[in-house]
Amino acid sequence: MTDLPLSGIKVIDFTGVQAGPACTQMLAWFGADVLKVERTSGGDVTRNQLRDIPDLDALYFTMLNSNKRSLAINTKAPEGLEVMEKLIRGADVLVENFAPGAMDRMGLSWDKIQEWNPRLIFGSVKGFNDDSSWNDLKVYENVAQCAGGNASTTGFWDGPPTVAGAALGDSNTGMHLLIGILTALIQRDKTGKGQKVSAAMQDAVLNLCRVKLRDQQRLERVGYLEEYPQWPNGEFGEAVPRGGNAGGGGQPGWVVKCKGWESDPNAYIYFTIQEQNWKRTAEAIGRPEWVDDPGYSTARARQDKIFDIFAEIEKWLADKTKWEAVDILREWEVPCAPVMSMKDLAEDKDLRKSGSIVEVEQKGRGTFLTVGSPIKFSEFKPDIKGAPLLGEHTDEVLAELGYDADTIAAWHEKKIVV
């Protein structure tokens with residue numbers, strides 16, 4: 001396959017930090033020409049956040065901006081606004097995650113953009129949607145997790161609300177926006193008209209918490225949630241409680257200790273007691289007598305003894321590493337997985353083979369490890385490349401827009417571009 005699916009699609013990336021760059025990065029992986037427009041003074045703030053090597057772009061930036069080009073320009077200068085107009089007239093997509101009203105103040109209102117290019121798809125990441133009374137709030141990852149319902153339902157019942165390590169507010173919102181942009185591009189092929197597409201961080205977190213909204217309605221109807229550890233002996237309040245490591249989907253599960261847990265904080269597996277596989281599960285852990293015991297033979301009968309069962313499972317696991325345990329249990333078709341640390345994942349050969357984790361060459365840094373496409377295609381495999389240096393493609397882009405070398409040099413002299 002010569003051309004990637006999005007070859008020929010031109011994207012103006014007016015985003016920073018994580019949610020927007022995660023969206024535009026995937027567009028770049030799939031073949032779009034993504035031009036990251038950055039401030040001349042430092043560019044994307046993540047270039048210098050959490051640096052591991054002084055004076056080099058941080059991994060925070062490089063892991064979210066691969067396969068893009070960089071134009072560093074002062075968009076507030078008349079020359080900068082002129083360049084933006086030319087870019088917008090020739091673009092297919094513009095993605096931004098500025099504060100409300102920022103694009104208008106730059107002279108790039110939606111009305112003006114539509115006038116210049118009625119086919120353009122305008123994508124926005126917001127903290128809260130336009131109908132929210134909080135739509136002027138500044139939002140970061142954990143703010144979104146709290147506002148979207150994740151924190152209130154994560155953690156243990158005797159502890160505070162807890163945010164997740166996964167970027168449910170940031171990268172997750174970027175993926176939602178990506179779906180919207182691709183949908184709008186398909187519709188444009190039918191109508192010839194562009195449109196605004198927005199994804200709010202609160203909404204994106206809520207979308208991934210839909211089963212908890214399901215549970216809220218069940219709780220209000222029957223007063224309890226039978227798959228939560230609080231049932232049948234605990235008490236339920238008015239809202240869905242925190243359930244620790246409970247499965248939450250009707251199949252009881254828990255994180256259980258394996259050999260070495262005393263010194264290794266990740267020597268655990270997640271063990272699911274699948275109702276339809278109870279016989280083999282009981283046999284696998286050496287308790288075949290539980291198969292026909294009325295106190296254990298049904299999911300309802302087991303519920304009040306569920307932690308006793310997990311304690312028995314931990315006894316069975318005491319002499320097995322998490323890797324050994326999973327290899328045994330997979331033969332019994334028990335749904336389980338090792339608790340994999342970031343070190344485990346970084347060294348995993350299967351993830352390297354599939355391209356889910358890749359080693360990338362970066363100017364000035366050498367190689368670094370990053371994620372590849374989580375989506376696999378039969379016809380192509382995205383080639384993950386390094387992230388652009390600040391203004392690395394400025395001259396190239398300006399030349400493509402028709403500016404001559406003398407003009408470009410003058411703009412560099414006046415600090416309009418870098």
Side-chain angles (χ1 to χ4, degrees), residues 2-16 20-21 23-40 43-44 65 67-98 102-104 106-124 177-178 180-198 385 388 390-408 410-412 416-418:
T2 304
D3 290 332
L4 294 174
L6 298 184
S7 293
I9 298 294
K10 294 184 177 181
V11 179
I12 301 171
D13 181 357
F14 244 150
T15 71
C23 169
T24 52
Q25 176 174 253
M26 195 165 280
L27 287 168
W29 288 351
F30 298 161
D33 177 9
V34 177
L35 179 62
K36 189 174 182 71
V37 179
E38 302 185 73
R39 298 172 298 125
T40 55
D44 189 321
N65 291 281
N67 294 54
K68 301 178 183 180
R69 297 196 291 167
S70 171
L71 166 67
I73 189 167
N74 178 5
T75 57
K76 295 179 182 178
E79 298 91 337
L81 190 59
E82 176 187 297
V83 169
M84 288 310 304
E85 178 180 348
K86 288 188 175 184
L87 288 172
I88 288 169
R89 287 185 182 277
D92 297 283
V93 178
L94 186 152
V95 186
E96 62 88 22
N97 62 348
F98 293 120
M103 291 290 287
D104 292 352
M106 291 168 61
L108 299 173
S109 67
W110 171 235
D111 289 342
K112 178 61 70 175
I113 287 172
Q114 277 193 307
E115 177 188 325
W116 289 343
N117 184 353
R119 289 175 54 83
L120 187 98
I121 309 301
F122 184 103
S124 294
L177 182 61
L178 175 69
I181 289 170
L182 294 176
T183 302
L185 283 170
I186 292 172
Q187 186 174 37
R188 189 188 69 177
D189 287 343
K190 300 176 181 178
T191 66
K193 186 178 180 181
Q195 62 181 300
K196 291 180 74 173
V197 181
S198 65
K385 300 175 183 177
L390 178 62
E392 181 177 346
H393 304 93
T394 294
D395 292 4
E396 174 183 288
V397 172
L398 293 177
E400 290 171 357
L401 293 174
Y403 294 100
D404 59 41
D406 290 341
T407 299
I408 295 172
W411 286 6
H412 276 287
I416 293 169
V417 297
V418 169

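Since this is a predicted model, take the numbers as computed values, not measurements.
What you find for Q187 and Q195 is that their closest heavy atoms are OE1-NE2, 2.5 Å. Contact detail for V197 and L177: the closest heavy-atom pair is O-CD1, 3.7 Å. Scanning all heavy atoms of the two residues, the minimum distance from P388 to E392 falls at CA-OE1, 3.3 Å. Contact detail for G80 and I416: the closest heavy-atom pair is N-CG2, 4.5 Å. When all heavy atoms of N65 and P21 are compared, the pair lying nearest together is OD1-CB, 3.8 Å. Nearest heavy atom pair, residue V418 against residue H412, reads C-CE1, 3.5 Å.
Between the CG atom of L87 and the CG atom of L120 there is a distance of 11.0 Å, given to the nearest 0.5 Å. Summarising the geometry, atom NZ belonging to K190 is positioned 12.5 Å from atom CG belonging to L185; distances are rounded to the nearest 0.5 Å. For the atom pair CG of N117 and NZ of K112, the computed distance is 13.5 Å after rounding to the nearest 0.5 Å. Between the CG atom in L398 and the CD atom in E79 there is a gap of 11.0 Å [rounded to 0.5 Å]. Here the CZ-CD1 distance, from R188 to I121, works out to 5.5 Å after rounding to the nearest 0.5 Å. Taken to the nearest 0.5 Å, the CZ atom of F14 stands 12.0 Å off from the OG atom of S124.
In summary, the side chains of Y403 and E82 do present a donor paired with an acceptor at a separation below 3.5 Å, with no hydrogens or angles considered. Using a 3.5 Å distance cut-off with no hydrogens or angles, the side chains of S70 and E38 do pair a donor with an acceptor. Between the side chains of S109 and D111, no donor-acceptor pair of N or O atoms lies under 3.5 Å. Checked by atom type, the side-chain pair T24/K36 shows no donor-acceptor distance below 3.5 Å.
Between D395 and V397 the shortest side-chain heavy-atom distance does not fall below 4.5 Å. The shortest side-chain heavy-atom distance between T407 and D404 falls under the 4.5 Å cut-off. F122 is not listed as a side-chain neighbour of Q114, based on a closest heavy-atom distance of 4.5 Å or more. Two residues are said to be in side-chain contact when any heavy atoms from C-beta on lie closer than 4.5 Å; L27 and I9 fail this criterion. Contact annotation: the side chain of D33 never approaches that of V11 to less than 4.5 Å [non-hydrogen atoms, C-beta and beyond]. Taking 4.5 Å as the limit, every side-chain heavy atom of L4 sits out of range of all side-chain heavy atoms of L6. With a 4.5 Å cut-off on side-chain heavy atoms, I12 and V34 do not count as touching. Using a 4.5 Å heavy-atom threshold, the side chains of W411 and T394 count as separate.
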Inset, instruction - Take I181 and V95 through the test side-chain contact (heavy atoms from CB on, under 4.5 Å) and record every step on the way to the result. - result: CA-CA 9 Å; I181 289 170; V95 186; 3.7 Å; yes

Inset, instruction - Apply side-chain contact (heavy atoms from CB on, under 4.5 Å) to the pair N74 and R39, showing each step before the final yes or no. - result: CA-CA 6 Å; N74 178 5; R39 298 172 298 125; over 6 Å; no

Legend entry - Intermediate values then yes/no, salt bridge (charged side-chain N to carboxylate O under 4.0 Å, His left out), R69 and E400: CA-CA 13 Å; R69 297 196 291 167; E400 290 171 357; 3.0 Å; yes

Legend entry - Test side-chain contact (heavy atoms from CB on, under 4.5 Å) applied to M103 and L94, step by step: CA-CA 11 Å; M103 291 290 287; L94 186 152; 3.9 Å; yes

Inset, instruction - Begin with the C-alpha distance, continue with both residues' side-chain angles, and end with the deciding distance and a verdict on side-chain contact (heavy atoms from CB on, under 4.5 Å) for L390 and T40. - result: CA-CA 8 Å; L390 178 62; T40 55; over 6 Å; no

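Surrounding NZ of K86 are more than 12 heavy atoms belonging to other residues, nucleotides or ligands, all under 6.0 Å away.
Looking at N67, its side chain does come within 3.5 Å of a backbone N or O of K385 through a donor-acceptor pair.
R119 and D92 are not joined by a salt bridge, as no carboxylate oxygen comes within less than 4.0 angstrom of a charged side-chain nitrogen.
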